[in-house]
Amino acid sequence: MQIEIGWLVLAAVITACIGFVLYRWQRPRLSKPYLVVAAVAMLFAVYYILNVVFGSGRTGWP
């Protein structure tokens with residue numbers, strides 16, 4: 001599996017922006033472990049989408 005650093009950094013920035021907005025507007029408040037799991041999952045999802053649409057699309061993932 002090859003990870004393209006540029007797309008990973010961009011995905012982290014997008015995830016941080018979306019995560020901040022969702023954290024501020026969430027009702028009811030979610031637990032911290034759940035938020036961490038959701039943020040990591042969103043990071044991988046955004047990275048995968050960016051890599052397939054704009055990058056080489058070869059991640060080694062199914």
Side-chain angles (χ1 to χ4, degrees):
M1 176 168 69
Q2 296 176 337
I3 295 178
E4 296 182 28
I5 300 300
W7 295 124
L8 185 62
V9 170
L10 183 60
V13 169
I14 291 170
T15 299
C17 292
I18 293 172
F20 177 75
V21 170
L22 293 177
Y23 179 75
R24 297 286 293 163
W25 287 350
Q26 66 177 332
R27 296 289 185 265
R29 292 284 181 199
L30 302 174
S31 66
K32 299 286 188 220
Y34 185 79
L35 288 174
V36 170
V37 170
V40 170
M42 186 168 40
L43 175 66
F44 283 119
V46 171
Y47 171 75
Y48 186 77
I49 291 168
L50 287 174
N51 193 22
V52 168
V53 173
F54 300 111
S56 65
R58 298 186 52 85
T59 60
W61 297 348

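Taken from CG in L8 to CG in L50, the straight-line distance is 10.0 Å, to the nearest 0.5 Å. Note that OG1 of T15 and CZ of F44 are 10.5 Å apart. Values are rounded to the nearest 0.5 Å. We find the CD1-CZ distance between I49 and F54 to be 10.5 Å, quoted to the nearest 0.5 Å.
Contact record, R29 with Y23: NH1-O, 2.7 Å, taken as the closest heavy-atom pair. Closest approach of N51 and W7 over heavy atoms only: OD1-CD1, 4.0 Å.
I3 and L10 fall within the same hydrophobic cluster, defined by Ile, Leu, Val, Met, Phe, Trp and Tyr side-chain heavy atoms under 4.5 Å apart, directly or through other members. Residues I14 and V53 share a single hydrophobic cluster, defined by chaining ILVMFWY side chains whose heavy atoms lie under 4.5 Å apart. Cluster membership for Y47 and L22, using ILVMFWY side-chain heavy atoms within less than 4.5 angstrom, is shared.
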